[in-house]
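These values consider heavy atoms only, across backbone and side chains, with no hydrogens, waters or symmetry-generated copies. Remember, it's 1-based here, ligands and their atoms both numbered in the order they're listed.
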Amino acid sequence: MAKLGDLHEGSLLYNIKLRYKKDLIYTYIGSILSAVNPYKSLPGLYDDAKINEYDGKDIGELPPHIYAIANQAYRSMWKNSANQAVLISGESGAGKTESTKFILRYLSYQSNDVNKKKGKEGRNYEEQILQSSPILEAFGNAKTVYNNNSSRFGKFIQLNFAATGAIEGCKIVDYLLEKNRVVRQNGGERNFHIFYALLAGGLGSKFGLSADPSQYRITSMSGTWDVDGIDDKADWQAVEQAFRTMNFSDEQMSDIITVVAAILHLCNMKFTTAGGAQVATQAVLEQVCQLLGIEEAGLAEVLTQQKRVLRGEEIYTPLDVDQAADSRDSLAMNLYARTFRWIISKINVSLRGDESFQFVGVLDIFGFENFEFNSFEQFNINYANEKLQQYFNRHIFSLEQLEYNQEGIDWSDIDWVDNSECLDLIERKLGVLSLLDEESRFPRGTDESLLIKLHSSHEEAAHYVRPRVANTKFGIRHFAGEVMYDVTGLLEKNRDTFREVRFTAP
Ligand SMILES: Nc1ncnc2c1ncn2[C@@H]1O[C@H](COP(=O)(O)OP(=O)(O)OP(=O)(O)O)[C@@H](O)[C@H]1O
């Protein structure tokens with residue numbers, strides 16, 4: 001791409017399109033690989049022969065390929081004695097998770113090859129990571145309007161290598177699980193797969209659950225159940241199998257399922273007003289408490305009252321029905337997020353290996369998002385992408401600068417868009433993040449008061465957008481485009497109110 005005579009956006013896109021029509025989905029832009037999702041299997045593109053072809057070849061020696069990137073990471077780790085990272089970025093459905101798998105495949109193949117040559121029986125880490133993926137996908141993926149199996153969390157997979165060149169262990173680090181999805185989904189989308197899989201798996205009756213997802217608020221609010229290419233019942237079997245392969249005990253599996261079942265019940269809980277919120281669905285309360293092993297009175301109390309400690313004294317304030325519903329949802333989200341974290345930590349115990357030398361990491365993280373309604377989640381995702389873009393700019397341009405200097409070329413006229421001003425708007429003292437935190441801590445802070453402060457502090461900033469007509473939005477001009485964020489519910493999400501809850505067993 002860099003060698004094109006006429007370098008501008010139109011010519012770059014046209015080149016990608018021409019190549020795509022010939023099933024050439026990969027293109028280099030300097031040392032960066034651009035991949036376009038083919039949405040079909042391309043025979044021979046990823047087989048063992050291809051791995052051997054790319055083994056030890058420098059980037060550019062052969063046609064562009066994801067294996068060339070994996071090979072470069074592997075070789076550079078040895079050559080430079082330095083950890084390596086492959087950053088995969090793109091919008092939802094672009095093919096990030098598939099690309100991550102191809103990189104794992106390449107590195108695992110090399111590792112197995114080393115072991116074979118040494119006559120050593122090594123563990124097959126690729127297989128193990130792949131074996132854990134039904135669990136990660138069931139708990140971390142969901143149907144969205146863009147992708148029927150969209151990862152709703154980011155992950156960094158770290159493959160640790162021994163000095164022999166073989167993989168000696170790995171680790172998964174998760175980021176930004178979209179826990180809001182547990183209690184809210186937009187039309188045409190679903191909750192995390194696990195809820196439907198559990199119901200379809202036929203185990204529900206053990207937990208007082210019906211097999212019908214329309215019976216539960218959090219699996220019915222969007223009115224979307226069946227998904228092309230997803231068989232919930234088969235997925236449940238795959239999850240059970242994966243738990244066994246990853247050494248989860250029967251008791252641990254049962255605990256996890258119990259929490260998921262309790263969340264389904266909990267979110268069906270309703271409240272009425274009687275001088276403050278009260279639980280209106282006693283049977284649901286009983287069911288949740290029985291599953292979680294906690295006292296009914298205690299749970300009802302923390303969901304309907306707020307406890308404050310004032311000069312050493314506990315003061316209880318009744319919550320209204322909406323606040324109690326928020327408490328319920330917050331408890332459900334946090335139960336889910338903590339279970340997810342725990343599952344990953346358990347998988348990591350299984351994947352852990354011996355002392356290692358260095359690692360190659362693969363970052364598979366949400367790309368930039370711009371929807372009709374953008375909220376807290378999009379703000380965080382786009383902020384993370386803005387940071388990655390800054391790193392990328394600095395890295396690439398400082399490398400280029402180094403190369404130019406070495407060759408004695410004057411580089412002063414390289415023109416690139418620096419996004420530090422946009423990041424400064426978000427990060428500086430009294431920037432968007434700090435105003436958001438400040439308003440969240442302020443007891444009388446509201447979404448509206450936040451918006452007023454944002455507008456008055458930043459309307460002059462080049463990267464800030466104040467809408468011409470007054471509404472509930474503010475905008476940020478990101479490197480990838482302008483995004484309008486809606487402040488409705490922003491404070492609640494940022495506070496993530498998880499009121500201090502001390503449960504006692506009955
Ligand atoms: N290289 C490829 N060859 C064939 N099919 C592909 C390839 N890459 C992606 N796909 C197809 O596209 C679908 C979506 O890809 P993937 O799940 O990797 O996207 P993603 O970028 O990780 O999306 P999200 O951000 O929503 O998780 C895959 O399920 C697969 O069917």
Side-chain angles (χ1 to χ4, degrees), residues 16 19-28 32-48 50-51 54 63-70 86-106 126 129-130 132-157 172-181 185-186 188-194 224 227-232 234-235 238 340 344 362-371 374 377-378 380-382 384-385 388 480:
I16 286 184
R19 293 178 58 78
Y20 186 66
K21 279 192 175 157
K22 294 188 224 158
D23 281 343
L24 301 171
I25 62 166
Y26 295 118
T27 309
Y28 288 131
I32 303 155
L33 182 76
S34 137
V36 187
N37 189 343
Y39 277 112
K40 63 178 179 189
S41 134
L42 298 171
L45 193 59
Y46 305 108
D47 59 16
D48 289 355
K50 220 22 135 203
I51 295 184
Y54 279 83
H65 200 290
I66 186 109
Y67 286 160
I69 300 291
V86 182
L87 164 62
I88 303 181
S89 179
E91 65 179 41
S92 180
K96 299 181 290 297
T97 305
E98 292 294 314
S99 300
T100 303
K101 289 180 186 168
F102 293 131
I103 290 182
L104 295 183
R105 179 177 300 173
Y106 185 90
E126 181 205 6
I129 294 177
L130 292 183
S132 72
S133 66
I135 308 175
L136 290 180
E137 291 191 6
F139 285 84
N141 289 21
K143 183 216 175 333
T144 66
V145 285
Y146 296 106
N147 183 354
N148 286 351
N149 187 26
S150 178
S151 314
R152 307 316 297 161
F153 67 108
K155 62 178 179 296
F156 182 66
I157 300 182
I172 300 168
V173 182
D174 62 297
Y175 303 101
L176 289 169
L177 174 72
E178 190 194 37
K179 62 182 175 182
N180 251 292
R181 182 171 293 273
Q185 309 98 39
N186 297 330
E189 306 210 338
R190 292 207 313 179
N191 209 324
F192 293 101
H193 298 322
I194 187 65
T224 306
V227 181
D228 269 356
I230 289 188
D231 176 344
D232 291 312
D235 282 354
F340 183 73
I344 290 195
V362 188
L363 185 67
D364 169 10
I365 203 149
F366 305 93
F368 187 76
E369 291 189 349
N370 186 4
F371 301 132
N374 299 297
E377 295 75 15
Q378 281 67 45
N380 282 322
I381 288 170
N382 292 342
N385 275 284
L388 287 170

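Within the 4.0 Å heavy-atom shell around ligand 1 one does not find Arg152. Within the 4.0 Å heavy-atom shell around ligand 1 one finds Glu91. The closest approach between a heavy atom of Tyr39 and any atom of ligand 1 is below 4.0 Å. Heavy atoms of Pro38 approach ligand 1 to within less than 4.0 angstrom. Heavy atoms of Gly93 approach ligand 1 to within less than 4.0 angstrom.
Judged by distance alone, with hydrogens and angles left aside, the side-chain atoms of Asn374 form a donor-acceptor pair with the main-chain N or O of Phe371 at under 3.5 Å. With His65 contributing its side chain and Ile51 its backbone, the two residues share no donor-acceptor pair below 3.5 Å. Side chain of Tyr20 to main chain of Asn37: a donor-acceptor pair is present (N/O by atom type, distance under 3.5 Å, no hydrogens or angles). A donor-acceptor pair is defined here as one N or O able to donate and one able to accept, closer than 3.5 Å; no such pair exists between the side chain of Asn148 and the backbone of Val227.
One option in Thr100, Asn147, Ile88 has a heavy atom closer to atom 14 (C) of ligand 1 than any other, and that option is Asn147.
For a threshold of 3.5 Å applied to N or O pairs, the pair formed by Tyr46 and ligand 1 contains at least one separation below that value. Residue contacts with ligand 1: Ile25 is placed with no nitrogen or oxygen under 3.5 Å of a nitrogen or oxygen of the ligand (distance criterion only).
Applying the salt bridge (charged side-chain N to carboxylate O under 4.0 Å, His left out) test to pairs two or more places apart or on separate chains, those with a residue in residues 145-155 are Arg152-Glu178, Arg152-Glu369, Lys155-Asp364.
Here is the list of ligand 1 atoms found below 4.0 Å of a heavy atom in Phe102: 1 (N). Atoms of ligand 1 found under 4.0 Å from any heavy atom of Ser150, numbered from 1 in the order shown, are 24 (P), 26 (O), 27 (O). Each of the atoms 19 (O), 21 (O) of ligand 1 lies under 4.0 Å from some heavy atom of Ala94.
Residues Lys143 and Ile230 form no side-chain contact, since every pair of their non-hydrogen atoms from C-beta on lies 4.5 Å or further apart.
Distance check on atom 27 (O) of ligand 1: some protein heavy atom falls below the 4.0 Å cut-off.
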